[in-house]
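Below: the structure, in structure tokens.
Everything numeric in this text was worked out from a predicted model, so none of it was measured. Quick note on labels: first sequence line is chain A, next is B, and so on, each numbered from 1.
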Protein chains: 2
Amino acid sequence: MTELTLTTFAWVPEAPRGHVRDLRVRWALEEAELPYRIATVPRREEGGAYLDRQPFGQVPWLTDGEVSVFESGAILLHLGAYSEALLPSEPPRRAEVTSWLFAALNSVEPAALACALVRFSGDTGGSPGRERIEAYLEGRLGHMERVLAERDWLAGAFSVADIAMADVMRVVERFAGGLDAYPGCRDYIHRATARPAFVKAHGDQMAHFAAADRDREPGSPTVPAT
Amino acid sequence: MTELTLTTFAWVPEAPRGHVRDLRVRWALEEAELPYRIATVPRREEGGAYLDRQPFGQVPWLTDGEVSVFESGAILLHLGAYSEALLPSEPPRRAEVTSWLFAALNSVEPAALACALVRFSGDTGGSPGRERIEAYLEGRLGHMERVLAERDWLAGAFSVADIAMADVMRVVERFAGGLDAYPGCRDYIHRATARPAFVKAHGDQMAHFAAADRDREPGSPTVPAT
């Protein structure tokens with residue numbers, strides 16, 4: 001195996017820390033016990049020029065020799081090839097994991113993110129648009145609650161599908177109205193985030209941005225205004 | 001290869017016809033010239049009981065011997081294993097296709113669908129929520145316009161990534177405000193939908209639901225009210 005390099009932002013403000021999507025990749029790398037190094041770019045607002053690597057101006061991306069992968073879902077699948085702990089090779093189980101990975105990213109995360117955006121827009125509620133988006137998320141969470149009432153992990157054993165789905169649920173819990181009505185989803189987050197690989201990955205991301213705070217010169221225009 | 005069976009709804013109303021997601025799978029099957037059969041279920045409103053196969057109450061799913069796959073993205077990847085025309089096996093190109101497949105489904109479709117939901121909610125514009133969602137979609141389309149200005153297909157040659165992305169762009173064109181400001185995206189749809197495999201897949205889906213109209217008994221409670 002060539003050296004795996006995960007690129008993320010050099011610095012972000014407080015709010016998204018713990019939720020920058022390199023977390024999903026760090027988590028997978030820790031679960032699989034794969035060695036890797038972190039590289040950084042400044043955000044585009046601070047002069048970062050990397051649209052040839054990540055065409056939407058986001059992070060992360062992963063390089064593995066001559067292979068470059070962007071989108072957290074694609075990176076999780078790429079790493080899955082290195083570890084049965086991430087992605088089983090037996091076809092029926094592999095298909096189940098892949099199905100649930102896409103479900104996290106195409107059926108649940110879109111509703112979570114839309115709901116978070118509307119809530120943070122200053123829309124204080126009562127608009128038909130906000131109500132429709134909230135109903136969209138509630139529909140998806142209702143199905144997930146039924147599924148998670150009867151299993152610990154989505155596809156038999158822990159896999160990349162759980163990394164994606166648990167991280168999406170964390171977004172709902174923090175930014176999109178919470179999970180008080182969905183105890184099965186809340187318990188699922190607790191199971192997932194108690195894993196040593198998550199604890200390590202999350203701690204590393206928080207430490208990375210905290211170190212970036214300390215490196216910033218006082219008075220620099222890119223220092224946060226706090 | 002075992003027999004591939006694609007399951008979709010027996011009948012849907014007029015509005016979503018041509019956009020039911022079995023289209024993506026039919027399109028891939030036609031591109032790869034793979035034989036398949038169609039199976040159907042009634043929608044849940046009409047008594048369909050299939051949450052064990054598609055946990056969000058949607059279609060499609062695909063069975064391939066003992067393997068069952070749901071989520072259109074996962075099905076496209078599964079079929080990719082049968083055809084270089086869908087998913088190249090060379091690692092750098094494969095990673096590029098996979099990255100763009102997830103980009104279609106996790107970076108562009110979420111914005112398109114949220115925008116369509118808010119527009120169809122009766123939110124007539126001006127709410128902060130609607131404005132935020134529209135800005136979200138415009139951001140993603142702006143990046144896609146830059147990418148598509150300089151290439152015909154997302155990852156070197158036509159692939160499953162284009163099936164997903166072009167179908168997402170069709171949703172924007174029809175349900176989420178159109179693409180008048182994004183001529184590169186509009187041209188991309190035209191290139192994609194001119195392919196014989198798309199024409200066949202789209203025609204087959206429309207014919208499938210038209211035949212279902214004719215099979216419905218007049219006076220049945222499930223016949224549309226028109």
Side-chain angles (χ1 to χ4, degrees), chain A residues 51 54-58 61-62 64-78 91-92 94-111 113-115 117-125 127-133 135-136 139-140 143-144 146-147, chain B residues 51 54-58 61-62 64-78 91-92 94-111 113-115 117-124 126-133 135-136 139-140 143-144 146-147:
Chain A
L51 291 177
Q54 213 300 342
F56 299 94
Q58 302 183 308
W61 65 88
L62 181 87
D64 177 3
E66 61 177 344
V67 174
S68 182
V69 199
F70 65 96
E71 287 277 338
S72 58
I75 300 172
L76 291 176
L77 274 188
H78 180 81
R94 183 185 191 83
E96 200 182 352
V97 170
T98 313
S99 296
W100 278 111
L101 174 64
F102 277 95
L105 301 179
N106 193 233
S107 286
V108 184
E109 185 162 42
L113 189 53
C115 198
L117 284 173
V118 169
R119 294 173 71 96
F120 280 81
S121 73
D123 190 323
T124 51
S127 75
R130 175 163 171 166
E131 285 178 10
R132 185 66 192 82
I133 293 290
Y136 170 38
R140 297 302 162 93
H143 284 297
M144 287 310 304
R146 187 194 69 246
V147 168
Chain B
L51 291 177
Q54 214 300 344
F56 299 94
Q58 301 182 312
W61 65 88
L62 181 87
D64 177 2
E66 62 177 344
V67 174
S68 183
V69 198
F70 66 96
E71 286 278 336
S72 59
I75 300 172
L76 292 176
L77 274 188
H78 180 81
R94 184 186 191 84
E96 201 182 350
V97 170
T98 313
S99 296
W100 277 111
L101 175 64
F102 277 96
L105 301 179
N106 193 233
S107 286
V108 184
E109 185 162 41
L113 189 54
C115 198
L117 284 174
V118 170
R119 294 172 72 95
F120 279 82
S121 74
D123 190 322
T124 51
S127 74
R130 176 164 170 166
E131 286 178 9
R132 185 68 192 79
I133 293 291
Y136 170 39
R140 299 301 162 94
H143 285 297
M144 287 311 304
R146 187 193 72 247
V147 168

Taking every non-hydrogen pair under 4.5 Å, which of [options] racks up the most with chain A?
{"options": "B:N106, B:L113, B:V147", "result": "B:N106"}
{"options": "B:A114, B:G57, B:G139, B:P55", "result": "B:P55"}
{"options": "B:P91, B:A103, B:C115", "result": "B:A103"}

Practice task
Mind listing the closest non-hydrogen atom pair of B:F56 and A:H143 along with its distance?
Solution key: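 Scanning both residues completely, I find the closest heavy atoms to be O-NE2, 3.6 Å.
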Handout entry: Over all atoms of both residues, closest heavy-atom pair of A:S68 and B:S99
Key =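 Taking A:S68 first and B:S99 second, the nearest heavy atoms are O-OG, 4.4 Å.
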Counting only heavy atoms closer than 4.5 Å, note whether [X] contacts chain B via side chain, backbone, both or neither.
{"X": "A:L105", "result": "both"}
{"X": "A:R146", "result": "side chain"}
{"X": "A:I75", "result": "neither"}

Practice task
Tell me, out of A:P110, A:G73, A:A95, who's got the most heavy-atom pairs with chain B below 4.5 Å.
Solution key: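 Of the candidates given, the most pairs with chain B belong to A:G73.
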Practice task
Go through A:A135, A:A111, A:A74, A:S72 and name the one with the most non-hydrogen pairs under 4.5 angstrom from chain B.
Solution key: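 The residue among A:A135, A:A111, A:A74, A:S72 with the greatest pair count is A:A74.
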So which part of [X] gets closer than 4.5 Å to some heavy atom of chain A, the side chain, the backbone, both or neither?
{"X": "B:L117", "value": "both"}
{"X": "B:E66", "value": "both"}
{"X": "B:T124", "value": "neither"}
{"X": "B:I133", "value": "side chain"}
{"X": "B:W100", "value": "both"}
{"X": "B:F70", "value": "both"}
{"X": "B:Q58", "value": "side chain"}
{"X": "B:V69", "value": "both"}

Problem - Interatomic spacing from CG in B:D123 to CZ in A:R130 - rounded to 0.5 Å - result: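 Answer rounded to 0.5 Å: 12.5 Å.
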Handout entry: B:S107 side chain to A:E71 side chain, donor-acceptor N/O pair below 3.5 angstrom
Key =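 Yes, because at least one side-chain N or O of B:S107 sits under 3.5 Å from a partner of the opposite role on A:E71.
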